[in-house]
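One structure below.
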Amino acid sequence: MSLLVVGLSHRSAPVSVLDRASLSLDAQTKLLHDTVAAEPATEAAVLATCNRIELYADVDKFHAGVAELSTLLAQHSGVGLDELTPHLYVHYEDRAVHHMFSVACGLDSMVVGEGQILGQIKDSLARAQGLHTAGRLMNDLFQQSLRVGKRAHSETGIDRAGQSLVTFGLEQLALGTPVATWARGKKALIMGAGSMSSLAAATLARAGVSEIVIANRTADRAERLVTLLGEQYGQPLTEGEGTGVLARAVPMGSVPFELTRADVVVSCTGATGLVLTADAIAAGVEGRVGTRPETVRDRAPETVRGEVPEARTAPLPPVGTGADEDCPLDLASVPPGFSVMGEAAVAGMDAATLEQHATWAAGSAVDRRRSARRGVDADRADRADPELIGALAATAASVGRIPERRRPEPVAEPPRPEPVLYLLDLAMPRDVDAAAHRLAGVRLVDIETLAEASADAPMAADVDQVRRIVSDEVEAFGAAQRAAHITPTVVALRTMAADVVSGEIARLEGRLPGLDDKHRAEITQTVRRVVDKLLHAPTVRVKQLAAEPGGAGYADALRTLFDLDPETVASVSRAEESTEKSAKNAKNANIAENRGPA
């Protein structure tokens, strides 16, 4: 069997696809059950976060495994396979392990070095264990990933390479101002009471907000988070620092009112639809500042395009038809406000008509031109107009017609008012309507905004050290897995040898019935010693060879050479897994007993 991972993340897919492909807890449960029920896979685990969806499985066939896992991801995410496939990545065996360890260390995170992924990996493993879809490989992989991630954070400064997604999002809201300075004294509304929301609440409490309101569909979880905030941040953090944070819980139905009071809103719920619509946000701002936030659609057309209304009401002097006798140009088709001498009037003419117009312009009266182009020197006009039109005629002769060239209208966006409400949406799928980006008085930072901002984030020198740690750990994990892969075969070989010794001793007793116990024991021990010595060097060496890259074939060779029963080898593997599971359960029971009653 071999490790296979199929997934998509912020590095391979746009946020819009990740948003639609996100998996609820129920969808993850069904996906795991369907994966282990499929033919190529025997165990599976799902790692689903706000910016990645990955399905890990132990498969016996690569191509069949890729096809099956991709199809299952498409079915349970609701995104068609044809649309999903271009954004999927596939990692196999050592590359899959390398990817997993990189994810655990924060190297593949949107914000490099963030540590929240370790908690998400732990939750994914616990879910797979609870559903009995995690076997030896998934347990070994995820548990080792947790150890590698902790090692990276403890031995290097990877934390300096980036921050948690919450901190990074708050920094984007603050627009260069230190978060502690920006947040001090503000009122915060936290929507959701999960791990991300709890981290956001704690971060804002440390930054010095004056009030935190927790809105959650489950009242108990909101109250629990409020209690924790009160215990940790209800009093000044240190003498002379902080003012204490007032924390309270409200039902989700109170959110519209709380929006009129809040300065900062952080949302990270598990909802599948929008939690905050643009209208609800606009109503909250209106209730706070007493004015309705305008959107792009609300503005006058001149404001949207950046036009100046006065410019449109001050056209060029109109052309008088009476003063333009014998002009070859169809004056009825000339746009109002343009001079018949200008380039815009003659754009689109063919060469012959343009030459006639040039001849007419060269021989026309000065005062006519002066009346058509007020403020332009007559002598300069005498020279410029025929030269300009002559040049246009030459161009028209070469290309057939003179192209129309219009000067682009200036675009000047009106200044946006300072935000009175800051929104941080960390949910996937999104909680906050993206239309809130267009609301005046509102600043929204969401996953898509963070993805764009993190692309330019500086990388710390410690990242290289973490990459070396990952490479070393991948090599060690592969060696351990290959060695473990051959262990059942070695155990089966030694079991077969012990059975051969027992059979031969029994036959000897039949031939020598008068053999006393002392001599029988001596003979038995001698035969077993000989067998052990014969098997010692080959089994030790085969374990060493199996731990090297490409060493998986030694187990097959050993089974073939000694004609070992595959079922015997499989039974040894099952017995080892059962022993490990019993030992783990006993350990957990012992820990619970030592803790005593809750």
Side-chain angles (χ1 to χ4, degrees), residues 1-3 42-43 58 60 93 129 132 134-141 143-144 147 475-591 593-594:
M1 304 298 284
S2 300
L3 176 64
T42 57
E43 52 180 297
D58 190 6
D60 58 0
E93 294 187 332
Q129 290 173 336
H132 306 289
R136 170 181 287 177
L137 180 56
M138 291 298 111
N139 279 291
D140 289 350
L141 175 67
Q143 289 172 358
Q144 186 63 22
R147 288 190 285 267
E475 184 177 349
F477 183 84
Q481 288 296 310
R482 288 186 290 269
H485 180 68
I486 204 171
T487 298
T489 303
V490 172
V491 172
L493 174 60
R494 289 190 172 276
T495 301
M496 184 192 73
D499 291 342
V500 170
V501 170
S502 298
E504 290 303 319
I505 294 298
R507 180 186 297 181
L508 181 62
E509 289 179 349
R511 291 181 179 179
L512 301 173
L515 194 64
D516 58 60
D517 293 342
K518 180 180 178 180
H519 289 89
R520 183 187 301 109
E522 186 66 30
I523 293 172
T524 301
Q525 185 177 2
T526 299
V527 174
R528 287 176 178 170
R529 192 181 299 116
V530 170
V531 171
D532 286 343
K533 287 185 176 181
L534 288 174
L535 291 180
H536 176 73
T539 53
V540 170
R541 183 57 180 154
V542 78
K543 285 183 178 180
Q544 295 172 345
L545 293 172
E548 296 177 359
Y554 286 101
D556 296 332
L558 206 61
R559 286 194 295 269
T560 302
L561 289 173
F562 289 93
D563 195 22
L564 298 176
D565 183 7
E567 181 57 32
T568 302
V569 177
S571 65
V572 173
S573 298
R574 289 193 295 270
E576 289 183 350
E577 291 178 359
S578 177
T579 302
E580 291 176 358
K581 185 175 181 180
S582 298
K584 182 178 180 180
N585 291 338
K587 180 180 179 181
N588 292 338
N590 186 43
I591 293 174
E593 183 178 355
N594 292 336

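As a basis for the values below, the full set of heavy atoms in this structure was taken, side chains included, without hydrogen atoms, waters or symmetry mates. Model, not experiment: these values are computed from the prediction.
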Check: Quick one: NE2 on His519 to OG1 on Thr526, what's the gap to the nearest 0.5 Å?
Finding: 11.0 Å

Check: Looking at CD1 of Ile523 and CD of Glu504, how far apart are the two atoms once the value is rounded to the nearest 0.5 Å?
Finding: 12.5 Å

Check: Which value, rounded to the nearest 0.5 Å, describes the distance between Leu3 atom CG and Asp140 atom CG?
Finding: 11.0 Å

Checklist line | Met138 versus Glu43, closest heavy-atom pair with distance | finding: N-OE1, 2.9 Å

Checklist line | Verdict with supporting geometry, Arg494 and Val531, side-chain contact (heavy atoms from CB on, under 4.5 Å) | finding: CA-CA 9 Å; Arg494 289 190 172 276; Val531 171; over 6 Å; no

Notebook entry, point to check: Taking everything shown except Arg507 itself, do over 12 heavy atoms lie less than 6.0 Å from its CZ?
Noted result: no

Margin query: Is it the case that the side chains of Arg147 and Gln144 hold a donor-acceptor pair, with the cut-off being a distance below 3.5 Å and no angle test?
Written below: yes

Checklist line | Pair Arg520 + Asp517: basic N to acidic O under 4.0 Å | finding: yes

Checklist line | Closest non-hydrogen atom pair between Asp58 and Ser2, with its separation | finding: OD1-N, 3.0 Å

Checklist line | Ala134 versus Asn139, closest heavy-atom pair with distance | finding: O-ND2, 3.5 Å

Note to self: If you define the side chain from C-beta out and look only at heavy atoms, does anything of Leu508 sit under 4.5 Å from Val527?
What the structure shows: no

